[in-house]
Amino acid sequence: SAKTMEIMGLRIPAYFTDDPRLLYDYIVNFKTKSDDVFVVSYPKAGTTWIQEIVWQIYHNGEVNSKRIEDRVPFLEEAINPKASQPDIASLPSPRLIKTHLSYEAIPKGVNEETTCKYIYIARNPKDNAVSNYKFLTSLAKSTGLNASWEFSADLFVQGKSTWSHWDKHVLGWWKHKDDANVLFLKYEDLKKDLLSHVRMISQFLNKPLSDELLNRISEQCTFNGMMKNAKSYLLRGTEDGPKLLRKGVVGDWKNYFTPEQSERFDKELLAKLDGTGLEFEM
Ligand code: PPS
């Protein structure tokens, strides 16, 4: 599998920095501002989707062809010399930032000037694992790394995928779902009713929009809507390489899981949600 380094209990791809201590220092010393908005998720749960919605909410529904990572840069790649994304510290406010950090690890404010907002998106672990597998294998051409679905699913259950344990990540944020500065969303809910979630996000951000604009943004941010601007979701430095948009459906896992794998995910991951009130449609 891909080389990772451990930072704050999370497995982060090693190519993000030559020196894990530098990235650790960058994250723990990161100074938040009250109007910062962090788009947070376990990888492949719908980060790009929320990044685009949030960006359009702040830009009057504009569809912009610049790559999403240039518009909403990725915190963990902030000091990656190979990443060409803009410097987060000098972004104009409000800064929109993508991250996969756990609740424990994410930069937090200490007072009114520094307490910022977090939008977390979670996805059922079976689709999440398939999306992760498809993404990693799409990177194989450039990284030379490849893995079977069996191997990949096994790593996912063991919490050895990138950014570590799915269940700890999701539950760590779920515990804070009622905090005033946290909005906890589920991929499957957005698929069912995007418009009401775009409205919910705009209200959470104190950016109430007209019905006309809310409608426009939710149409532009459906999977097909975003595919019209597909270039924006190519990974850095690739023209026809890995994409951040693939299939965009609920239930694709049924095309990959054996009954045994499905049962294992139920017993070893979904069972951890029992009694927490967190449930997923699949
Ligand atoms: S990453 O690399 O962690 O930032 O990836 P992330 O954006 O979190 O997850 C990618 C998956 O989200 C799907 N996606 C969408 N689904 C529905 N509607 C919209 N608009 C949308 N945008 C992105 C994307 O297709 C990936 O899921 P899969 O299942 O692989 O298609």
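In listed order, ligands and their atoms are each counted from 1.
Scanning the protein for heavy atoms near atom 3 (O) of ligand 1, the closest one is Lys44 N, 2.8 Å. In terms of protein heavy-atom proximity, atom 23 (C) of ligand 1 is nearest to Leu245 CD1, 3.7 Å. The protein atom (non-hydrogen) at minimum distance from atom 25 (O) of ligand 1 is Arg246 N, 2.9 Å. Among protein heavy atoms, the minimum distance from atom 7 (O) of ligand 1 is reached at Thr48 OG1, 2.5 Å. Protein heavy atom nearest atom 28 (P) of ligand 1, with residue, atom name and distance: Ser131 OG, 3.4 Å. With respect to atom 4 (O) of ligand 1, the closest heavy atom belonging to the protein is Lys98 NZ, 2.9 Å.
Of the N and O atoms on the side chains of Gln220 and Gln56, at least one donor lies less than 3.5 Å from an acceptor on the other residue. With 3.5 Å as the limit, one finds a donor-acceptor pair spanning the side chains of Thr114 and Asn111. In summary, the side chains of Trp163 and Glu76 do present a donor paired with an acceptor at a separation below 3.5 Å, with no hydrogens or angles considered. For the residue pair Glu112 / Ser34, no side-chain donor-acceptor distance below 3.5 Å is found, with atom types taken as modelled.
Set against the non-hydrogen atoms of His100, the atoms of ligand 1 under 4.0 Å away are 3 (O). Short contacts between ligand 1 and Pro43, defined as distances under 4.0 Å to a heavy atom of the residue, involve ligand atoms 3 (O). The distance from ligand 1 to the heavy atoms of Thr222 drops below 4.0 Å at these ligand atoms: 20 (N).
Counting heavy atoms only, Thr47 comes closest to atom 6 (P) of ligand 1 of the residues Val250, Val39, Thr47.
Contact annotation for Lys134 and ligand 1: no heavy atom of the residue comes within less than 4.0 Å of the ligand. Heavy atoms of Ala45 found under 4.0 angstrom from ligand 1 belong exclusively to the backbone. At a heavy-atom cutoff of 4.0 Å, ligand 1 is contacted by both the backbone and the side chain of Leu244. No part of Met227 comes within 4.0 Å of ligand 1, judged by heavy-atom distances. At a heavy-atom distance under 4.0 Å, only side-chain atoms of Tyr187, from C-beta outward, approach ligand 1.
Every heavy atom of Asp127 sits 4.0 Å or more from the atoms of ligand 1. In this structure, Arg123 has a heavy atom closer than 4.0 Å to ligand 1.
Residue Met226 places no N or O, backbone or side chain, under 3.5 Å from any N or O of ligand 1. Backbone and side-chain nitrogen or oxygen atoms of Tyr42 are examined, and none is located within less than 3.5 angstrom of a nitrogen or oxygen of ligand 1. Remark: ligand 1 and Gly248 share an N or O pair separated by less than 3.5 Å (distance only, no angle test). Not a single N or O atom of Gln51, backbone or side chain, sits closer than 3.5 Å to an N or O atom of ligand 1. Polar contact check, Cys221 against ligand 1: a nitrogen or oxygen pair lies under 3.5 Å apart.
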message: Between Arg199 and Leu209, does the side chain to side chain contact (heavy atoms under 4.5 Å, CB included) criterion hold? Intermediate values first, please.
response: CA-CA 8 Å; Arg199 183 181 292 115; Leu209 305 176; over 6 Å; no
Worked check of salt bridge (Lys or Arg N to Asp or Glu O under 4.0 Å) between Arg246 and Asp252: CA-CA 11 Å; Arg246 185 185 64 93; Asp252 194 34; 2.9 Å; yes
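Asp19 has a carboxylate O that lies under 4.0 Å from a charged side-chain N of Arg21, or vice versa, which qualifies the two as a salt bridge. Taking the charged nitrogens against the carboxylate oxygens, Glu52 and Arg71 do have a contact shorter than 4.0 Å, which makes a salt bridge. A salt bridge is defined here as a Lys NZ or Arg NE, NH1 or NH2 lying under 4.0 Å from an Asp or Glu carboxylate O, and Arg264 with Asp154 meets this definition. Glu188 and Lys192 are not joined by a salt bridge, as no carboxylate oxygen comes within less than 4.0 angstrom of a charged side-chain nitrogen. For Asp266 and Lys126, the salt-bridge test passes: some basic side-chain N is under 4.0 Å from an acidic carboxylate O.
The closest donor-acceptor contact from the side chain of Asn128 to the backbone of Pro43 lies under 3.5 Å. Between the side chain of Lys191 and the main chain of Gly248, a donor-acceptor pair closer than 3.5 Å is present.
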